[in-house]
Each structure stands twice: as structure tokens, then as C-alpha cells.
Amino acid sequence: QVQLVESGGGLVQTGGSLRLSCAASGRTFSSYAMGWFRQAPGKEREFVAGIKWSGAMTNYADSVKGRFTISVDNAKKTVYLQIYSLKPEDTAVYYCAAKSGGWPERTAQHYDYWGQGTQVTVSS
């Protein structure tokens, strides 16, 4: 049973930084692609960043390029999302997702497993 557990969210001021973590368990993830999505109140879930577990490919939403960095620590079986220069519009619940094989797709329906989410709130 695949489990994804996010952590690292919180309340930060505009311009601050956060590092979100997604601890993965229950499977060997070497062939998996991982994604981070976010959902703000009243809005649809949107893709933020993705990565092949090998790290060979990354994918970012245009809105976060240059501010967000996704990475994998294979030894810890953890996927990270480093966020810099936070803006109030980054406020959302951030979800980690996993898909078996393939590329880190930008659409949520391609992903097989989801975490419970971690709240990020950016104050102005």
C-alpha cells in the first residue's frame, strides 16, 4: 500500500521560504513519477511541479518557475518542494502525488496515489 505523507507547511510572511516534504512508503519508487499540486479555496487543484524519481526529468508550472524547486532524496524516500519568495497567491493546500511509470504529468487524473495535504498560508 503506497502512502504519501506531506509535512512542512505553515504560516509565513510574503517573501519567506518553506520546504515541503513528502515521505513515500509501501513501494519501490524507482520507476515512479512524483508531483506536487496545490488547491486554494474555491479553486481547482493545480499542478505545481513534478519529477521522475530518478531525478532525470523535472516539470514546473509556468507560474512557479524560478521560485519552486522539486527534488528527490532516494535514501530517505522523500520528495521535497523548496519554495522561495512566497506570495499571498501561493496560499493553498499542497498535495504530493505519485504515478507508476511515465513522466511527471501536469494533470491530476494521471496520478494514482495522493497524500493528505499540508497547508501553506502566506500573509501579506
Side-chain angles (χ1 to χ4, degrees):
Q1 180 73 13
V2 172
Q3 284 194 321
L4 304 173
V5 179
E6 303 96 330
S7 60
L11 173 64
V12 295
Q13 291 186 332
T14 297
S17 300
L18 277 176
R19 189 177 75 162
L20 307 183
S21 300
C22 171
S25 63
R27 197 68 57 88
T28 299
F29 291 93
S30 57
S31 64
Y32 274 61
M34 308 296 292
W36 281 98
F37 289 76
R38 67 185 180 186
Q39 188 166 19
K43 295 188 176 182
E44 293 188 353
R45 191 169 297 190
E46 65 171 350
F47 172 81
V48 172
I51 189 168
K52 285 185 67 69
W53 192 269
S54 65
M57 179 186 177
T58 58
N59 194 1
Y60 293 94
D62 290 342
S63 60
V64 306
K65 280 182 181 177
R67 295 193 301 121
F68 288 27
T69 302
I70 189 170
S71 61
V72 170
D73 185 326
N74 190 43
K76 295 183 178 180
K77 296 182 77 172
T78 300
V79 181
Y80 299 102
L81 185 69
Q82 179 71 53
I83 309 174
Y84 300 99
S85 303
L86 277 156
K87 306 175 182 180
E89 51 264 42
D90 294 320
T91 294
V93 177
Y94 283 71
Y95 297 92
C96 176
K99 61 184 292 288
S100 177
W103 307 105
E105 304 280 355
R106 295 186 174 215
T107 49
Q109 49 263 49
H110 283 99
Y111 290 80
D112 305 304
Y113 305 98
W114 292 84
Q116 82 289 348
T118 186
Q119 176 72 47
V120 172
T121 303
V122 184
S123 63
S124 57

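Of all the heavy atoms in Tyr32 and Ala98, the pair that sits closest is CD2-CB, 3.9 Å. Here the closest heavy-atom approach between residue Ala23 and residue Thr78 is recorded as CA-OG1, 4.1 Å. Taking every heavy atom of both residues into account, Pro104 and Ile51 meet most closely at CB-N, 3.3 Å.
For Ser7, there are no side chain to side chain donor-acceptor pair (under 3.5 Å) partners two or more places apart in sequence or in a different chain. Shown here are the salt bridge (charged side-chain N to carboxylate O under 4.0 Å, His left out) partners of Arg106, two or more places apart in sequence or in another chain: there are none. Scored by the salt bridge (charged side-chain N to carboxylate O under 4.0 Å, His left out) test, Glu46 finds Arg38 as partners (sequence neighbours excluded). Remark: Lys65 pairs with Asp62 by the salt bridge (charged side-chain N to carboxylate O under 4.0 Å, His left out) rule, at least two apart or across chains.
For residues 48-83, there are no disulfide bond (SG atoms under 2.5 Å apart) pairs, not counting sequence neighbours. Annotation: ring-ring contact (aromatic ring centres under 6.0 Å, His included) contacts involving residues 89-123, sequence neighbours excluded, comprise Phe37-Tyr111, Phe37-Trp114.
Applying the 6.0 Å contact sphere to CD of Glu44 captures no more than 12 heavy atoms from other residues, nucleotides or ligands.
Checking side-chain atoms of Lys52 against main-chain N and O of Gly102 turns up a donor-acceptor pair under 3.5 Å. In this structure a side-chain-to-backbone donor-acceptor pair under 3.5 Å is missing from Tyr60 to Arg67. Side-chain atoms of Ser85 never come within 3.5 Å of backbone atoms of Gly15 as a donor-acceptor pair (strictly under, hydrogens ignored). Within the 3.5 Å criterion, the main-chain N or O of Arg27 finds a donor-acceptor partner in the side chain of Lys77. For the pair Glu6 (side chain) and Cys22 (backbone), a donor-acceptor distance under 3.5 Å is absent. Judged by distance alone, with hydrogens and angles left aside, the side-chain atoms of Lys99 form a donor-acceptor pair with the main-chain N or O of Gly101 at under 3.5 Å.
Linking ILVMFWY side-chain heavy atoms closer than 4.5 Å, directly or via other members, places Val48 and Leu86 in a single hydrophobic cluster. Trp36 and Leu4 end up in the same hydrophobic cluster when Ile, Leu, Val, Met, Phe, Trp and Tyr side chains are linked at under 4.5 Å. Clustering ILVMFWY residues whenever any of their side-chain heavy atoms sit less than 4.5 angstrom apart, transitively, puts Val72 in the very cluster that holds Val2.
Each of Ile70, Leu18, Val120, Val64 was compared with Leu81 under the side chain to side chain contact (heavy atoms under 4.5 Å, CB included) criterion, and only Ile70 meets it.
Between Ser17 and Val12, the closest side-chain pair of non-hydrogen atoms is not below 4.5 Å. Contact check for Gln119 versus Thr91: side-chain heavy atoms found under the 4.5 Å cut-off. Taking the side chain as every heavy atom from C-beta outward, Phe29 and Val79 never approach each other to under 4.5 Å.
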**Request:** For the pair Leu20 and Thr118, evaluate side-chain contact (heavy atoms from CB on, under 4.5 Å) and give the outcome as yes or no after the intermediate values.
**Result:** CA-CA 8 Å; Leu20 307 183; Thr118 186; 4.1 Å; yes
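Here CD of Glu89 is found 10.0 Å from OG of Ser124. Values are rounded to the nearest 0.5 Å. We find the OG-CZ distance between Ser63 and Phe47 to be 10.0 Å, quoted to the nearest 0.5 Å.
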